[in-house]
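We're numbering straight along the sequence, starting at 1.
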Amino acid sequence: MPEDGSLPRHALEGAADRPLGFYLHVPYCATRCGYCDFNTYTASELVGKGGVLASRDNYADMVVEEIRLARKVLDGDPRPVRTVFVGGGTPTLLAAADLVRMLAAVRDEFGLAEDAEVTTEANPESVNPAYLAELRAGGFNRVSFGMQSARQHVLKVLDRTHTPGRPEACVAEARAAGFDHVNLDLIYGTPGESDEDWRASLTAAVGAGPDHISAYALIVEEGTQLARRIRRGEVPMTDDDEHADRYLIADEVLGAAGYSWYEVSNWATTEAGRCLHNELYWRGADWWGAGPGAHSHVGGVRWWNVKHPGAYAAALASGRSPGAGRELLSPEDRRVERILLELRLREGCPLTLLNPAGLAAARAAVEGGLLEPAAFAAGRAVLTLRGRLLADAVVRDLVD
């Protein structure tokens, strides 16, 4: 990774035809959830490196500095930014003014598209009406709350600190603050969760009235507290059949309530309610990820930042890119990644991406009820409901 972060000349070829987004990572959490393996830190876990203290108080300054670096690296790129997504961690542990200042830096350096989508993630217990109103006044128009479950015993297993009912109240507060779009994140397959618990969570989420709901299967990552508890036999491991049953329940409940799936784990009530920023990822567009451990992609060049906030701060303070490494994607890499990502979308992927073996596998998937026959006849591979349950296996067959 060059110290100045410069990109190969070819990375910006054809850039005008691709949207540009920004992901701003905030790595701070009040507590660490037992299932989380994201690049996040509690106050006790943060130790400065290189003599530079990376604290919540000066964090926005560091991100603004990287946004300015991005402007230098992308010199001459005329694109206004189409999406900004502030994720974490818990972005709303920072002052609302800090999030607004980071957004302002993107606007000042690049400009925002007239219809730009600007999202922040938020924990329900870390916001209030005044905080949300300040975000909305500062240019944010979408907020995503981590609800996970409506059942207290499920939240306890996940080490979530909010109380049942608080996420639903947050949706109302966000609407009152003038947010155009609101998402609730749910997790299914938590040890000890029943089908009834899951239905209750879906019903509560729908009743809150967000225009977008995400539902993700719990993945127990090695090294997490939850993995250790399962290994010790303290809580039971949920199996794949239970995950499949919960997914079918989600699609049933959300579909009946007017939500349509547009990506395997995401449902929205309208086209406008879809998360445009995530669609940048799924469609292989360009985005700059600012913050410790953030990943970026521009024109077939992918890179990632150093993970520790102290090392990140030290790099920027010395005038260096915080990039830790990068890779240049070959045409074959990009073809395979397009299949991996686009197949998860409601529109699917074009059959022209498939090699002869992949096309034969797609025909077999149609016969097996995993791909939609009408879409296949029209030149696209689109997952059926059964195909969504087996999406990873379908993808493996199509790219082999």
Hydrophobic cluster identity match, Phe376 and Val395, side-chain contacts under 4.5 Å
yes
Which value, rounded to the nearest 0.5 Å, describes the distance between Glu263 atom CD and Arg344 atom CZ?
4.5 Å
Val127, Leu93: one ILVMFWY side-chain cluster at the under-4.5 Å cut-off?
yes
Could you work out, with ring-ring contact (aromatic ring centres under 6.0 Å, His included) as the rule, every residue matching Phe145, not counting sequence neighbours?
none
Nearest 0.5 Å, what's the CD-CG distance between Glu279 and Leu341?
12.0 Å
Partner residues of Arg246 under the side-chain hydrogen bond (donor to acceptor under 3.5 Å, both in side chains) criterion, sequence neighbours left out
Glu193, Asp195
Enter the distance from Asp185:CG to Tyr216:OH here, rounded to the nearest 0.5 Å.
5.5 Å
Would you compute the distance between atom CG of Leu371 and atom CG of Leu383 and round it to the nearest 0.5 angstrom?
6.0 Å
Taking side-chain hydrogen bond (donor to acceptor under 3.5 Å, both in side chains) as the criterion, tell me which of Glu271, His212, Glu347 meets it with Tyr262.
His212
Would Val264 and Leu353 show up in the same hydrophobic cluster when neighbours are defined by side-chain heavy atoms closer than 4.5 Å?
yes
Would you list the pairs meeting salt bridge (Lys or Arg N to Asp or Glu O under 4.0 Å) in which at least one residue belongs to residues 362-375, sequence neighbours left out?
Arg346-Glu372
Identify whether Leu280 and Ile339 are in the same connected component of the hydrophobic contact network (ILVMFWY, side-chain heavy atoms under 4.5 Å).
no
Of Val73, Leu69, Leu316, the one forming a side-chain contact (heavy atoms from CB on, under 4.5 Å) with Ser321 is Leu69
Looking at CD of Glu117 and NE2 of His277, how far apart are the two atoms once the value is rounded to the nearest 0.5 Å?
8.5 Å
State, without any angle test, whether Asn266 and Arg274 hold a side-chain donor-acceptor pair at a distance under 3.5 Å.
no
side-chain hydrogen bond (donor to acceptor under 3.5 Å, both in side chains) filter on Arg82, not counting sequence neighbours, yields Asp115
Looking at Trp304, Trp303, Phe85, Tyr23, which one forms a ring pair (Phe, Tyr, Trp, His ring centres under 6.0 Å) with Trp288?
Trp303
Examine Trp198 together with Tyr188 and report whether their ring centres are nearer than 6.0 Å.
yes
With distance as the sole criterion, is a donor-acceptor pair present between the side chains of Ser265 and Ser214 under 3.5 Å?
no
Side-chain heavy atoms of Tyr259 within contact of Pro210, under 4.5 Å:
yes
Contacts of Phe110 that satisfy ring-ring contact (aromatic ring centres under 6.0 Å, His included) - sequence neighbours left out
Phe22
Linking I/L/V/M/F/W/Y whenever their side-chain heavy atoms sit closer than 4.5 Å, directly or via other members, would Leu99 and Tyr59 fall into one cluster?
yes
To the nearest 0.5 Å, how far apart are NE2 in His297 and CD in Glu327?
9.5 Å
Report the residues that fulfil side-chain hydrogen bond (donor to acceptor under 3.5 Å, both in side chains) with Glu342, sequence neighbours left out, ordered by chain and then residue number.
Arg338
Is Arg199 salt-bridged to Glu196, going by a charged N under 4.0 Å from an acidic O?
no
Can a salt bridge be assigned to the pair Arg101 and Asp98 using a cut-off of 4.0 Å between side-chain N and carboxylate O?
yes
Report yes or no: do His25 and Asn305 form a side-chain donor-acceptor pair below 3.5 Å?
no
